[in-house]
**Q** 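After the structure tokens below, expect a handful of questions from me.
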Amino acid sequence: MKEIKEKANYCLNCKAKPCSLKGCPLGNQIPQFIEQIRQENYQKAYQILSETTVLQGICGRICPHKKQCQGSCIRGIKGDAVSIGDLEAFVFDSMSEENSLVECYAEEMKKNKSNKKVAVIGGGPAGLTASAFLAKNGIRSNDLREI
């Protein structure tokens with residue numbers, strides 16, 4: 001835990017936010033979720049990440065951070081970049097341990113419920129992400145595995 005706190009405190013919370021704006025293809029609000037880690041508000045950090053991704057645990061581990069967000073980090077110019085991937089994975093793991101992963105979506109799904117349906121073809125990362133964001137907006141999706 002001490003190590004995570006140190007990694008979170010290492011972030012400068014830059015005004016320009018190159019890690020988010022230039023580095024992250026998803027547009028994750030990186031300084032904002034890191035600030036929530038500093039405050040030990042992991043559910044809020046998870047909610048911030050959930051605005052742009054549903055695969056935090058995977059992205060935190062396999063995304064090419066050094067080429068993207070960490071590669072754009074101001075800290076990386078003269079030293080080590082902020083360990084954004086480690087922090088993202090930590091948030092997911094914390095929420096997973098608390099069994100709170102779905103709770104962030106449940107309220108939005110109830111609020112936005114609709115009778116609309118769409119078909120999502122494929123069960124890979126893109127299909128899962130599309131289905132999750134559709135569900136958040138109240139639209140049911142079905143995975144078409146056989147045509």
Side-chain angles (χ1 to χ4, degrees), residues 1-112 114 116 118-141 143-144:
M1 181 60 97
K2 182 181 175 187
E3 181 182 336
I4 289 297
K5 196 77 161 168
E6 288 173 3
K7 288 179 180 184
N9 286 329
Y10 191 63
C11 178
L12 296 172
N13 197 5
C14 308
K15 289 184 181 180
K17 300 176 187 3
C19 55
S20 293
L21 300 175
K22 178 183 163 195
C24 183
L26 298 175
N28 284 341
Q29 299 300 312
I30 295 167
Q32 287 88 334
F33 96 79
I34 292 175
E35 178 59 31
Q36 294 305 314
I37 294 172
R38 283 187 186 135
Q39 295 175 21
E40 297 182 18
N41 189 350
Y42 308 129
Q43 183 164 6
K44 181 66 177 170
Y46 181 77
Q47 289 172 337
I48 291 169
L49 286 168
S50 295
E51 292 172 10
T52 51
T53 185
V54 294
L55 303 171
Q56 302 91 334
I58 295 167
C59 291
R61 290 176 173 82
I62 66 168
C63 188
H65 299 100
K66 291 181 181 178
K67 290 183 179 179
Q68 295 176 355
C69 56
Q70 288 177 204
S72 299
C73 178
I74 298 293
R75 284 279 198 182
I77 294 172
K78 292 189 177 184
D80 294 329
V82 175
S83 300
I84 298 166
D86 293 346
L87 294 171
E88 190 174 6
F90 168 78
V91 168
F92 177 83
D93 292 346
S94 296
M95 294 301 292
S96 182
E97 287 172 11
E98 295 176 19
N99 293 322
S100 300
L101 296 174
V102 179
E103 290 174 17
C104 292
Y105 293 112
E107 284 302 313
E108 277 187 80
M109 290 169 67
K110 288 178 190 173
K111 184 172 48 177
N112 297 324
S114 113
K116 296 179 182 176
V118 298
V120 175
I121 300 172
L128 292 171
T129 300
S131 294
F133 278 104
L134 287 165
K136 280 176 66 173
N137 289 296
I139 300 170
R140 292 181 19 212
S141 60
D143 181 16
L144 297 179

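This chain uses plain numbering: 1 for the first residue, then up along the sequence. Below, all heavy atoms of this structure are taken into account, side chains as well, without hydrogens, waters or symmetry copies.
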**Q** Answer yes or no: is there a side-chain heavy-atom contact under 4.5 Å between R75 and L12?
**A** yes
**Q** With rounding to the nearest 0.5 angstrom, report the CG to CD distance, L87 to Q56.
**A**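 Spacing of CG (L87) from CD (Q56) equals 13.5 Å.
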**Q** Are more than 12 heavy atoms from other residues, nucleotides or ligands located less than 6.0 Å from atom NZ of K7?
**A**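 Yes, because the 6.0 Å sphere around NZ of K7 holds more than 12 heavy atoms from other groups.
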**Q** Which pair of non-hydrogen atoms, one from Q68 and one from P25, has the smallest distance, and what is that distance?
**A**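 Scanning both residues completely, I find the closest heavy atoms to be OE1-CD, 3.4 Å.
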**Q** Please check: side-chain N/O of Q70 versus main-chain N/O of I84, any donor-acceptor pairing under 3.5 Å?
**A** yes
**Q** Checking side-chain polar atoms at under 3.5 Å, does Q39 have a donor or acceptor matched by the opposite partner on E35?
**A**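 Present: a donor and an acceptor within the cut-off.
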**Q** Give the minimum heavy-atom separation between T52 and F133, together with the two atoms involved.
**A**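 Heavy-atom minimum between the residues: C-CZ, 3.6 Å.
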**Q** Nearest 0.5 Å please: distance from the CD atom of Q47 over to the CE atom of M95.
**A** 7.0 Å
**Q** Keeping S20 on the side-chain end and G27 on the backbone end, is there a donor-acceptor pair under 3.5 Å?
**A** no
**Q** Kindly say whether F92 contributes a backbone atom to a donor-acceptor pair with the side chain of S96 at under 3.5 angstrom?
**A**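 No; judged by distance alone, with no hydrogens or angles, the pair does not exist.
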**Q** With rounding to the nearest 0.5 Å, note down the distance linking CD in E40 to OG in S94.
**A** 10.0 Å
**Q** Is the side chain of Q43 donor-acceptor paired with the backbone N or O of N41 at a distance under 3.5 Å, no angle test?
**A**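 Judged by distance alone, no pair lies under 3.5 Å.
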**Q** Looking only at non-hydrogen atoms, find the nearest pair between I30 and C19 and report the distance.
**A**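 Taking every non-hydrogen atom into account, CD1-O, 3.5 Å.
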**Q** Under a 3.5 Å distance rule, please check whether R38 uses its side chain to pair with a backbone N or O of I34 as donor and acceptor.
**A** no
**Q** So, do I48 and Q36 sit near enough that their side-chain heavy atoms are less than 4.5 Å apart?
**A** yes
**Q** For K66, I'd like to know if atom NZ has over 12 heavy atoms of other residues, nucleotides or ligands within 6.0 Å.
**A**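 For K66, atom NZ is not crowded (no more than 12 foreign heavy atoms under 6.0 Å).
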**Q** With rounding to the nearest 0.5 angstrom, report the CZ to OG distance, F90 to S83.
**A**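 If we round to the nearest 0.5 Å, F90:CZ and S83:OG are 13.5 Å apart.
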**Q** For Y10 versus V82, what's the shortest heavy-atom pair and its separation?
**A** CD2-CG2, 3.8 Å
**Q** Quick one: are R61 and D93 in side-chain contact, heavy atoms under 4.5 Å?
**A**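 In short, these two side chains touch, coming nearer than 4.5 Å.
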**Q** Looking only at atom types and distance, does a side-chain atom of T129 sit under 3.5 Å from a main-chain N or O of P125, one as donor and one as acceptor?
**A** yes
**Q** Measuring from S50:OG to K44:NZ, what's the distance to the nearest 0.5 Å?
**A** 10.5 Å
**Q** Measure the spacing between CG of L26 and SG of C63 and express it to the nearest 0.5 Å.
**A**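 Output value for this atom pair is 7.0 Å.
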**Q** Hey, does E88 have a side-chain heavy atom less than 4.5 Å from the side chain of N28?
**A**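 Result yes, sub-4.5 Å side-chain heavy-atom pair found.
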**Q** Write down the atom of K5, the atom of I37, and the distance for their closest heavy-atom approach.
**A**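 Closest approach of K5 to I37: NZ-O, 4.1 Å.
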